[in-house]
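We use all heavy atoms of the structure for the numbers below, so side chains are in, but hydrogens, waters and symmetry mates are not. Per chain, numbering begins at 1; letters A, B, ... match sequence-line order.
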Amino acid sequence: MTTEPTPTPAPPTKNMHFIREIIAADNRSGKYGGQVVTRFPPEPNGYLHIGHAKAICLDFGMALENNGRCHLRMDDTNPVKEDVEYTDAIKEDVRWLGFDWGPHYYHASDYFEQMYELACGLIRDGKAYVCELTSEEWKDYRGIPTEPGRESPFRQRSPEENLDLFQRMRAGEFPDGSKVLRAKIDMTSPNLHMRDPVIYRILHVPHPHAGDQWCIYPMYDYAHPIEDAIEKITHSMCTLEFEVHRPLYDWVIQNCNLFPSQQIEFARLELTYTVMSKRKLLELVRQKHVNGWDDPRLPTLCGLRRRGVPPAAIREFCERIGVTKYDSLTDVALLEHCIRDDLNKTVPRAMAVLDPVRLVFDNPDELPATIQAANNPEDPAAGAREIPFEPELFIEREDFAEVPPPKYFRLAPGKSVRLRNAGFVTCTGFEKDAAGNITLIRGRFTPMNQPVKVKATIHWVPAQAARPVEVRLYDRLFTVPEPDADKNVDFMTHLNPDSLQTVQALAEPSLLAAQPGDRFQFERIGYFYAEPDSRPNAPVFNRTVTLKDSWKG
RNA sequence: UGCCCGAUGGUGUAACGGUAGCACAGCAGACUCUGGAUCUGUUAGUCUAGGUUCAAAUCCUAGUCGGGCAACCA
């Protein structure tokens, strides 16, 4: 017998996006000695959303793939806007997404002393000066994109005087806004960010992390490259709008003689049927269009978590959307696909009826007492459970049609369907109330071992044993793909009035034991997540996503 | 009006001078105890105009369109 050499299965080829290319090239050239160190640097002034997830997956992902490491760093250089309230939430969300920063948790504010020393160095080198122009005056001096700026009258101060003034700024001798430290670069640069940018401002406010030891705070453009360099970050990824800041990033690295971290910009994620800006999310929360930051309709990570979206689905989504340098708008259907794909393989099935109508059997003597149901047809190891079967069941109102439309395969007078896991029913009659609503359906039961030719299977619950449960049906928050596309139309006008419908459903008995955080597929309906604030024996289910439904009634 | 970045089916992306491929969505079919899942087929694309080349989505030039930049925000 000849044995063919087993071909080594090719590793799953990941999309070779431009950042992977850059890292591979750096590794080949030995630019950083083969090291890959990245960082995720959120500003602790808001909750993380799925746009951040893209960055998190990129930052941590590139490190992981290259046996490097990724730091979690609170970019807290503006005490006016930031709060410790957010740092715990940020950590929880990153951890939930599945990433581990190990011991590498940092605060930009921990580097304030070094930043100060480096600023003094710039002053000594004649590369920074204390300027007393008001912000209004500075606007005039800075010029506009099409015209060069003019030099500040304070630009030629001596290093000694600058050093003295800067020290006194730190000592708290001057009020907010009276002085700033500027980098001395080029007032004629076509890049506004290079026209002697402010690198320190006076802010007499305590810092949420550093306490009250500072009254001067560094600006992002100055602080960020220093933070990266101190941590020996090799690849510092950020979004496209920082592209024009890169020359300043490089200037700081060079003029402060720092580790050569490099900034790489990529396009942020935009998703259809939602909004991503912090301001707009805040507005939705403040105006109570949603119930808090973790409302399942929000694209926040805590919202997605509460909706029941598994973190693996988000990671898969982030891999699939790729990384580029041009703006794009990703169809939320791709996210939904990733969610279904994950849940289909992993989640147990159960039956629940959202809009019940009674089904009564004509032949109660011929019924089984219980039936066996597979917990997950995709996973035999998930086992089976027993469901009581009764002479009266509830089925979904939309699974019966008095007058079936063309291609309607479900129950109708004289027609048969399969009852999921149980047998068949043939409709023998029905009753209506005065308003014309179906109040009861009659049918004849046929056991599974006498197959009836049917084209559909419907779900059901036993009338006595079923229990009422609260089900929250979440839908898209907005009715249009780009709610904030038109600057002249308030995005709020596109809110979907039906984004949340709460219904009392009837669930099979086993569902009563659901623990907060459990996930299920309600067969033929969708995937559901037991609310964190479900109470014992009174679970509340959030709809994560519907099942695909190819029937177009 | 200045500078920077970008442009591939409806959407997200790949192709690194040599057959425009993948995924989502759509459509059609097969299969099925979920009208689910799975499988198959299929519709549909290189912004425009020049140039270089045997050969251009890819390189060059110009234009068009889109995005970003004029916080003591990040």
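Using a 4.0 Å heavy-atom cutoff across all strands shown, A:D549 reaches sugar-phosphate atoms only and no base atom. Residue A:I144 is in base contact, counting any heavy-atom pair closer than 4.0 Å across all strands shown. As judged by a 4.0 angstrom heavy-atom cut-off over every strand, A:S189 is placed among residues making no nucleic acid contact. Across all strands, A:T324 comes closer than 4.0 Å only to sugar-phosphate atoms, never to a base (heavy-atom distances). Contact annotation for A:G177: base contact, defined as any heavy-atom pair under 4.0 Å involving a base atom. A:F242 comes within 4.0 angstrom of a base, heavy atoms only. Within the 4.0 angstrom heavy-atom criterion, only backbone atoms of the sugar-phosphate kind lie near A:R142; the bases stay farther away. At a threshold of 4.0 angstrom between heavy atoms, the contacts of A:H193 are confined to the sugar-phosphate backbone, with no base atom among them. Counting any heavy atom pair closer than 4.0 Å across all strands shown, A:K139 reaches sugar-phosphate atoms only and no base atom. Among the atoms of the strands shown, none is found under 4.0 Å from any heavy atom of A:L343. When heavy atoms are screened at a 4.0 angstrom cut-off, A:Q521 is found touching base atoms of the nucleic acid. Within the 4.0 angstrom heavy-atom criterion, only backbone atoms of the sugar-phosphate kind lie near A:L334; the bases stay farther away. When heavy atoms are screened at a 4.0 angstrom cut-off, A:L329 is found touching the sugar-phosphate backbone but no base atom. Residue-level contact check: A:V198 touches the backbone only, with heavy atoms under 4.0 Å from sugar-phosphate atoms and none from bases.
In this model, the phosphate group of B:rG35 is not approached by any side-chain N or O of A:R418 to a distance below 4.0 Å at OP1 or OP2. Distances shorter than 4.0 Å separate none of the side-chain N or O atoms of A:R268 from OP1 or OP2 on B:rG68.
Between A:Y116 and A:Y200, the angle of the ring planes goes over 60°, which puts this pair in the perpendicular group of the 30/60° scheme. Between A:Y111 and A:Y106, the ring planes lie tilted relative to each other; the angle falls in the 30° to 60° range. Between A:Y86 and A:Y47, the ring planes are perpendicular. Angles over 60° get that label, and only those under 30° would be called parallel.
Proximity of the aromatic rings of A:F154 and A:Y129 is defined here by a centroid distance below 6.0 angstrom, and this criterion is not met.
For A:N15, the side-chain atoms get nearest to B:rA14 when compared with the rest of B:rC5, B:rG6, B:rA14. Of the listed nucleotides (B:rC24, B:rU34, B:rA70), B:rU34 has the atom at the smallest distance from the side chain of A:T457. Distance from the side chain of A:D75 is smallest for B:rA74 among the nucleotides B:rG12, B:rA74, B:rU34. Listed nucleotides: B:rA25, B:rA74, B:rU34. Nearest to the side chain of A:K548: B:rA25. In the set B:rA14, B:rG68, B:rA37, B:rA37 carries the atom at the smallest distance from any side-chain atom of A:E378. Side-chain proximity of A:L192 to B:rC73, B:rG2, B:rG6: nearest is B:rG2. Considering only the side chain of A:K325, B:rC5 comes nearest among B:rG36, B:rC5, B:rG2. Side chain of A:N78, nearest nucleotide from B:rC16, B:rA74, B:rU34: B:rA74. The listed nucleotides are B:rG36, B:rG2, B:rA7; the one nearest the side chain of A:S550 is B:rG36. Closest contact between the side chain of A:Y408 and the listed nucleotides B:rC4, B:rG35, B:rA74 involves B:rG35.
Straight-line distance from the CZ atom of A:F317 to the C1' atom of B:rA23: 12 Å, rounded to whole Å. Rounded to whole Å, atom P of B:rG36 lies 10 Å from atom CZ of A:R524. Distance, A:F18 CZ to B:rU58 P: 20 Å, rounded to whole Å. In this structure, the CG atom of A:L271 is 13 Å from the C1' atom of B:rC24, given to the nearest Å. As rounded to whole Å, 12 Å separates atom C1' of B:rA14 from atom CE of A:M16. If you take CG of A:N45 and C1' of B:rC73, they are 9 Å apart, rounded to a whole angstrom. Rounding to whole angstrom units, CG of residue A:D341 and P of B:rC39 are separated by 10 Å. The nearest whole Å value for the distance from the CG atom in A:D221 to the P atom in B:rC69 is 13 Å.
Of the P atoms belonging to B:rG29 and B:rC47, the separation is 35 Å, rounded to the nearest Å. Spacing between B:rA7 and B:rA49 at atom C1', rounded to whole Å, works out to 16 Å. On the C1' atoms, B:rA57 is 27 Å away from B:rG41, given to the nearest whole Å. Separation of the C1' atoms belonging to B:rA62 and B:rU52 is 15 Å when rounded to the nearest angstrom. Atom name P, nucleotides B:rG2 and B:rU8: the rounded distance is 25 Å, in whole Å. B:rA70 and B:rC16 are spaced 37 Å apart, taking the C1' atom of each and rounding to whole Å. The C1' atoms of B:rA15 and B:rG51 are separated by 24 Å, rounded to the nearest whole Å. Comparing B:rC59 with B:rG68, their C1' atoms are spaced 26 Å from each other, to the whole Å.
The pairing partner recorded for B:rC72 is none, the criterion being a Watson-Crick or G-U wobble arrangement whose two distances lie under 3.5 angstrom. Here B:rA30 sits opposite B:rU38 as a Watson-Crick or G-U wobble pair (both hydrogen-bonding atom distances under 3.5 Å). Pairing of B:rU53, defined by two Watson-Crick or G-U wobble distances under 3.5 Å, is not identified with any nucleotide. Taking a pair to require two hydrogen-bonding distances under 3.5 Å in either a Watson-Crick or a G-U wobble arrangement, B:rA7 pairs with B:rU64. Base pairing annotation: B:rU46 forms no Watson-Crick or G-U wobble pair, as no partner gives both donor-acceptor distances under 3.5 Å.
Figure legend: cation-pi geometry between A:R476 and A:Y273, with NZ or CZ positioned under 6.0 Å from the six-membered ring centre and within 45° of its axis. Cation-pi geometry between A:K91 and A:Y105 is met: under 6.0 angstrom from the ring centre, within 45 degrees of the axis. A cation-pi contact, defined as under 6.0 Å to the ring centre and within 45° of the axis, is absent between A:R195 and A:W138. For the pair A:R519 and A:Y527, the cation-pi criterion (under 6.0 Å, within 45° of the ring axis) is not fulfilled.
You'll find a donor-acceptor pair under 3.5 Å spanning the side chain of A:K81 and the base of B:rC73, going by distance alone. Counting atom types as modelled, A:E265 pairs no side-chain N or O with a base atom of B:rG68 as donor and acceptor under 3.5 Å.
Classification of B:rA71 as syn follows from a glycosidic angle within 90° of 0.
To the nearest 0.5 Å, the span separating CG on A:D26 from CD1 on A:I23 amounts to 7.5 Å.
Between A:R410 and A:T330, it is A:T330 whose nearest contact on RNA chain B lies nearer the 5' terminus. The nearest heavy atom of RNA chain B to A:R320 and to A:E523 marks one nucleotide each, and the one closer to the 5' end goes with A:R320.
Heavy-atom contacts from other residues, nucleotides or ligands closer than 6.0 Å to CZ of A:R268 number 12 or fewer.
With its ring centre under 5.5 Å from that of the base six-membered ring and a plane angle below 30°, A:F409 counts as stacked on B:rG35.
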